[in-house]
Amino acid sequence: GLTEVELPRGLTSIGDGAFSDCSALSTITLPEGLTSIGSYAFNYSPVRIWNTVLPDSLEGIGANAFYYYSLSENPSNGYTVKEQTITLSLPRNLKTIGDGAFRGALRSGYINDYETRTSTHISFVSVTVPEGVESIGYLAFANNDLPALYVLSRDSEIALTPTNSWESPSTTAFTLGTPGETTVYS
């Protein structure tokens, strides 16, 4: 099946469900100038969001756009295990994050490489949502094991609570405003 896609320059929008259910798709290259990713665009496709550069031109991510858990829970027996930690910052011009946009897509796990006989343990340190974000949808960051979610906006209209946007048993805190300078909710 399809494992890698490079989208062309000049593309401004990825439609709803465009790559939904592409069960082997792990790598996508997005062009600068892309402004929106539709609902369910990569739903149930194991796109490795941490290896995908979301262009600064991106303004909207639709509902369930990256909804999927694509990593193995365990390393393969006898494989060499490597560690990789991820800190993800969303694009600076992002305005909207739809319902369930990253639900389950930011969970730790293993990528098993059968050719090199290695298992890479991926673990997420934090996700930073830029200051200009105007809305974060219901369960946008749910079902992930993020230690920290930073929302740089001080807009009181963005309501994050454990039950609506970032529900995750191992997320210890989220911050509204610049980390270290504002209220930390835990």
Side-chain angles (χ1 to χ4, degrees), residues 5-20 25 27-45 47-70 86-107 124-144 146-168 171 173-185:
V5 170
E6 182 173 346
L7 297 174
R9 289 174 150 230
L11 183 71
T12 59
S13 179
I14 298 173
D16 294 348
F19 295 95
S20 185
L25 182 61
T27 304
I28 184 104
T29 303
L30 303 174
E32 187 58 45
L34 182 72
T35 58
S36 68
I37 296 175
S39 296
Y40 303 94
F42 299 100
N43 187 50
Y44 289 108
S45 297
V47 172
R48 296 177 181 156
I49 190 65
W50 63 92
N51 282 340
T52 303
V53 174
L54 296 174
D56 280 334
S57 57
L58 189 63
E59 296 177 0
I61 299 172
N64 299 303
F66 292 99
Y67 175 70
Y68 188 77
Y69 178 60
S70 64
I86 307 294
T87 300
L88 182 66
S89 293
L90 297 178
R92 67 176 177 238
N93 291 315
L94 193 62
K95 302 286 183 235
T96 61
I97 301 171
D99 296 347
F102 295 100
R103 187 174 183 180
L106 304 172
R107 291 179 65 184
F124 291 89
V125 175
S126 67
V127 172
T128 301
V129 177
E131 187 173 356
V133 167
E134 297 166 359
S135 68
I136 298 174
Y138 180 72
L139 298 175
F141 293 95
N143 299 85
N144 292 306
L146 294 170
L149 174 62
Y150 300 116
V151 181
L152 300 184
S153 176
R154 295 179 187 272
D155 187 344
S156 62
E157 297 298 312
I158 296 177
L160 292 174
T161 67
T163 57
N164 75 11
S165 291
W166 61 280
E167 181 178 85
S168 175
T171 299
F174 76 87
T175 302
L176 286 176
T178 306
E181 293 181 7
T182 58
T183 306
V184 176
Y185 300 84

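Side chains are part of it too, since the values below use all heavy atoms of this structure and drop only hydrogens, waters and symmetry mates. Since the structure is predicted, the reported quantities are computational estimates derived from the model, not experimental observations.
Within the 4.5 Å cutoff, no side-chain heavy atoms of N51 are placed close to those of I28. Considering only heavy atoms from C-beta on, L90 comes within 4.5 Å of I97 through its side chain.
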Donor-acceptor pairs under 3.5 Å, side chain of residues 52-67 to any protein atom, not counting sequence neighbours: which ones?
unit_1 : atom_1 : unit_2 : atom_2 : d
T52    : OG1    : R48    : O      : 3.1
D56    : OD2    : R92    : NH1    : 3.3
S57    : OG     : E32    : OE2    : 3.2
S57    : OG     : G33    : N      : 2.8
S57    : OG     : L34    : N      : 3.2
S57    : OG     : L34    : O      : 2.7
N64    : ND2    : Y40    : OH     : 3.1

List the atom pairs, donor and acceptor, that lie under 3.5 Å between side-chain atoms in residues 5-20 and the rest of the protein, sequence neighbours left out.
unit_1 : atom_1 : unit_2 : atom_2 : d
S13    : OG     : S36    : OG     : 3.0
D16    : OD1    : S39    : N      : 2.9
S20    : OG     : N43    : O      : 3.3

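Atom CZ of F141 and atom CD1 of I136 lie 6.0 Å apart (nearest 0.5 Å). We find the CD1-CZ distance between I86 and F124 to be 6.0 Å, quoted to the nearest 0.5 Å.
Across D99 and Y138, no two heavy atoms sit closer than the pair OD1-N, 2.8 Å. Heavy atoms only, all atoms of each residue included: R107 and N143 are closest at CD-O, 2.8 Å. Listed here is the closest heavy atom pair of Y44 and Y68: CA-CD1, 3.2 Å. Nearest approach of A105 to I49, heavy atoms of both residues: O-CG2, 4.0 Å.
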